[in-house]
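Here the structure comes first, spelled out in structure tokens, and everything after it is commentary.
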Amino acid sequence: MNIPRHEPAGVRFENVELYFGSNHVLRDITLAIEPGEFFAFLGPSGCGKTTLLRLVAGFGEARSGRVLIGDQDVTGLPPWERNVGMVFQSYALWPHMSVRRNVAFGLEERRLARAEVHRRTDAALELVGLLDLAERRPAQLSGGQQQRVALARTLVVEPRVLLLDEPLSNLDAKLRVQMRQELLALQRKLSLTTIFVTHDQEEANTTADRIAVIDAGTVQQIGTPADLYDDPATPFVADFLGTANVLDGKLAETPEGRVFQTPDGFTVALREAQLAERSFPAGGACSILFRPQNLEITTTPGPTPAGRVALSGRLSHREFLGSLVRYSVNVKGATILVDETHQRGHTPIEIGVEVRLQLPIEQIVVLASRGSVANHARIPQSG
Amino acid sequence: MRINWGERTVALTIAIFLLAFLALPVLRVILVAFQDASSGAFTLVNFQDFFRSSLFRESFWNSLYVAGMAVLLASLYALPLAYFTSRFEFKGAIIVQTLGVLPLVMPPFVGAVAMLLLFGSNGSINLLLDEYFGFTITFMEGLNGVIFVESIHYFPFILINLSASLSLIDRSMEESAHNLGAHGLRLFRRIVFPLAMPGYVAGASLVFLKVFDDLGTPLLLNVNNLLAPQAYLRVTSIGIDDPMGYVISVMLVAFSLLAMGVAGLALRGKDYSTIQRGGGGLAKRRMRPWERVVTYTIVLFILLLVLSPHIGLSLLSFGTIWSYAVLPDGYTLAHYHEVFRESPQFITNTLLYASLAGIIDVMVGTAIAYLVLRTRIRTRHWLDYAAMAALAVPGVVLGIGYLRTFFGISLPWSGQPLASWWVMLVIALSVRRLPYALRACTAALQQLSVSLEEAAQNLGARKLKTVWRIVVPLMAGGIAAGFVTSFATAAVELSATIMLVSSESDAPLSYGLYIFMQTAAGRGPGAALGIIAVIIVGLATYLSHRVVERGRRLGAQLQA
Amino acid sequence: MRVSGRFLAAALGALVAVSVASPPLYAGTIENKLVIVTSFPKDLTGVFKRAFEKRHPGLKIEMLKKHTNSGIKYIEETAANNISDMFWASAPDAFEVLKGDGLLHKYTPKTKGIPAKVGSYPINDPDGYYIGFAAAGYGIMWNKRYLKAKKLPPPKRWSDLAKAVYHGHVGMSAPSRSGTTHLTVETLLQGDGWAKGWAQWKDIAGNFKTVTERSFGVPDGVNSGDFGLGVVIDFFGLSSKASGYPVDFIYPPITTLVPANVGILKNAPHPKAAAAFVEFLLSPDGQALLLDPKIMRLPVNPATYAKAPAGFPDPFTDKSIGAAVKFDVKLSKSRYNVVNSLFDVMITYRLDDLRDAVGAVQKAEAALAEHPNAKAADLVREAKALIAAVPISEAKAAQPDFAKIFKKKRKKATDKVTGRQAEVEEQWDKMVKKNYAQAKAKAEQALAML
């Protein structure tokens, strides 16, 4: 397959607002996707990520704001003039045409010579490894094969941007892993700007260069997978990318600096570095966040080393997850999740036992209070 | 807001079409009924005259009576078959399906005359009864004749509806009833039948409607004290100005709407099938030998009854003279010769008109379906309602409406009155059949995922191209079904035809049959025409099954 | 050369004279199309159409088939933009209506050999607006198998149909629904007189199985054996017989022969073709076509009867046919609608009541024949008088003011008048219903005594 004729283009959204009837589906979306980037829109169902994706392709209409592909403002342009390739969640292969005819469709629309069409169709099918199934009908193919046909169909017209709407959700687990690696490899090879939509954080984490986390029509945070994981901007992002323990409380001024206090009396002294670049509302309401794997759990009492804070409680629940054991501990009414790596021969702790948890203070992330995040109405499924 | 002028133009064209050829004529008719004949002022005096006249009162009650009795009788024939096919392991499915096709293949008026010869007071059956048993049955006297012919014709409708409702019943319903002690006929009466009732009521209202509005059968049987024939007679013999024809039309339309309303209500409140999860129908058991004998006897009897018009018509078409005898005196092919030699235009006209009507219907039907399901034009649902409203308009009313609305307009090139131009007949046929085609097209389009079209647009195809290359081919099954329904029913339509046809050279089969049956030597050729009509429609229906099957296989792939 | 002015004037004058003097029709080549509004069935029109088109290759006839009334309506409604050339139908009174509306074109046929009258009826319109081409009489047809199976004797005269043995076996159409039936009814009324005529009709009607919706319903019913006897126009009976049906037909002594007519419409688009058609109808070849088994109508050219099959009635040699009644067209016209309404109200709409009453009387009379009883005989006489009673006298029926109320079928329905017609008919209906019920009671009373 040829290297794309044009340079990959970036995609920019500027203050995009979109409504379905009276539903405010996209709220003031502004984000920029770099050329050649593998970008993910990640969020729960109904958050608006698919709607946002479809805007790039020209399906749906924003009430205000702009969409730019490269330097071109495409906001009013109809879908057939945009030259972006979209692979639909259902693949949308036409059952009354053979695989070859499906793939050739876009080329035929561009009025290319027959020989050229044939050559490029063959090349595209070769690229996805389906050349020998070219004369079959879609109904005769497996799910994975259908997806590849859909992919070939879009790639063959050499679009500037590739859009994938939940490309892996219809595949079984094993195939999913295989396909996401293939997709990534393909994208790297073609240096094609790719946006893909998913609700699965594992998919996003393993393939995307950067992720935009979307909830209820707003972009919560944009960053690399690691950035989002380590430094979530909101409790939502924290919770969406991996499991998190969140405690609510407030900041109090003490002679030693600011400390975090929960209503139950749990206190931890925070480093200024953790508090930098965060603004808190008056009264200092905020939350702290730490991951299950940050905590050490033990049944034996002992001193708390410096740099750590201790919690104690009763073990209420235990889940065996294969590579680790996840404990739920009741600490003064809150449930804290603790992960312990599992090795053969290791005995898990019994339920009901009093345990002690230790948390390194620098692992704590301080967030604006969970309660200050406004409640948005659920967006309809079409989002 | 991006305005799609193409879509708007299409919507506007269709709106004008429906306005000119459906809304306007019908409204005109309703208007005239409320107008004073000479002054034009609004008045109820025409309706008063209607109810004061004993003939019209009689016609009104007779129409209600005939429609009601037809539904009753048809239900009676249908009940045993429905019971057998749902209760027993019985190859009933095939029979039920075959029976379901028959009404489509031959409308009641075609066989009416043949039925007279078989069941009339001195017809075959009664001659035999009288000879061997000494009594006769008045199958065909006056109103009974209409009831008899219509009930035999429409009983498969009710059977299909009943069977379908029964098959949707969740097996657990029956099983829990068993668990609580009910079984057999009691179970059928208390549990099964009520659950099947909504579907049955919907079907029965439809049958009531069709019988109430039917013009052809009473006309062929010479029974005129019914509403539809009275309207026809008033307009043709007294004139297009006579208010009574319009008053009757208003009544016909009002009752049609009522019947449709009842059907709608019956289904809306109690669509039990959606509450139940399993479906699967009732548990079936094998028949004991004596049950088998009884069942097959009853089935055979009913089958013969339903086929009697077809049998009678065949005999008449091949018979030489059939008078006061059980069977014709002799047999001949002369009638078919005469039809093909002397009046082939009846056949060619029918093929032309029905095909054109079918094409118009699927084009308009697809367009409306697309507009409703795929665009955002604000008034698009009105197109759907308007097209479906044609169901409530009986053929005779549409005919009167056209005569009145296009009265006085002449074709510029020949001076012939517009209302009697054959193109108007094609339009009338297509307007009457549009609802069925529209339903078929809508159902087909609903199965198509929007993403199939979006994928095409994404690859550069504009709306029209997308529709042509993607939407239409994938709707092919539904379109074909719509075309065939339109074609088959337009080919044998009589009510509007008889109002609008003026010359024999323009006339289709149904009209030809009617005028043939009005001469002594014409019954044979008339029957031959009827058989030819049956064959044409049967072929079309068979072909459509093949295409629909192919479409269904394709549709199944869409779900993948 | 200078042309003399006088010469020019003379030439011009001659041209004008020539064009005005002879009727402009049928001079020179004729058009290639002809549009005929007709109430005749395909059996008849087809035969003539084929023969005429054969004679004039390239010419096509378009037959607009309509019932007589619809045909008149159609011609009236399209008069402004006339596309039809001729009207071709049976009943002369239909032509009278068109003549009265000024929609016919006067034409004098050139063909010779047609007498002035058939039976006692003039063949052509004396004013020359319509021309008779065939004649028809009225009579009784019956199904031989039916009569044999039910052991009924064939009838000979109208009064036979009133006999008790035929109870429930007779069929007829209504004068309001069929112009030809109207003529039949009117003929008997003129022949037997108003009171006796109606009495006769009621007695016959008492034997009716049905009143058919159209005149064709009668021969149809007899042909198929639905009922055994029917009051029909002769050609219905004769053509059915010729078609092979097991039926027979006779003219009763009281009948009239009435011509079937053709007329050229005013402003006909193809006048030459129309004229040619008229001549063809009257020509020996055309007249001979009437003897076709499917048609069987009486030709108006006496010479044609030489070619007729044996037993075919010939009114020109057999003077008994149609001579008994001298049909008064004016009288018929004056009470046309009244007669229609009377028949419908007294007979058609009350057929069941009438049948019951007549049936009861017949039973009583049968019993009387065996057990004579003066009192019972009186009761029966009263019953029969009640049945026969007519709500209005002959004079009243012909009164213009009264007759005007009954506007049906021939003229447009005007407003208030319809109201009054309904009122009058309601009065009659009440009277008649009461009479029949009383008659039945009396007859049953009489029967009980015997």
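A note on names: the letters A, B, ... follow the listed sequences, proteins ahead of strands, and every chain is numbered from 1. Being a predicted model, the structure only gives us computed values, none of them experimental.
Within the 4.5 angstrom heavy-atom criterion, only side-chain atoms of B:K465, from C-beta onward, approach chain A. Looking at A:V84, the atoms closer than 4.5 Å to chain B (heavy atoms on both sides) sit in the backbone and in the side chain alike. If you measure heavy-atom distances from A:Q89 to chain B, you find no contacts under 4.5 Å at all.
When side chains are defined from C-beta on, B:Q457 does not count as touching A:E81, because their heavy atoms never get closer than 4.5 Å.
Within a 6.0 Å radius of CD in A:Q140, other residues, nucleotides and ligands contribute more than 12 heavy atoms. Other residues, nucleotides and ligands contribute at most 12 non-hydrogen atoms within 6.0 Å of the CG atom of B:L464. Enclosure of atom CE in B:M260 by more than 12 non-hydrogen atoms of other residues, nucleotides or ligands within 6.0 angstrom is indicated. Annotation for A:D172: atom CG counts as buried by contact number, over 12 foreign heavy atoms lying within 6.0 Å.
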Show, in sequence, the C-alpha distance, side-chain angles and deciding distance for B:R469 and A:F105, and conclude whether the side chain to side chain contact (heavy atoms under 4.5 Å, CB included) test is met. CA-CA 10 Å; B:R469 282 200 74 184; A:F105 187 90; 3.6 Å; yes
Decide yes or no on side chain to side chain contact (heavy atoms under 4.5 Å, CB included) for A:H96 and B:L474, but give the supporting numbers first. CA-CA 7 Å; A:H96 61 300; B:L474 289 172; 3.3 Å; yes
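By the 4.0 Å N-to-carboxylate-O rule, A:R54 lies close enough to B:E454 to be salt-bridged with it.
Interatomic distance, A:Y91 OH to B:S449 OG, rounded to the nearest 0.5 Å: 13.0 Å.
Smallest separation of non-hydrogen atoms from A:A57 and B:N458: CB-ND2, 4.3 Å.
In this structure, A:R110 contributes its side chain and B:L459 its backbone to a donor-acceptor pair below 3.5 Å.
The side chain to side chain contact (heavy atoms under 4.5 Å, CB included) search around B:A455 returns A:F88, A:A92, A:W94, A:R153, not counting sequence neighbours.
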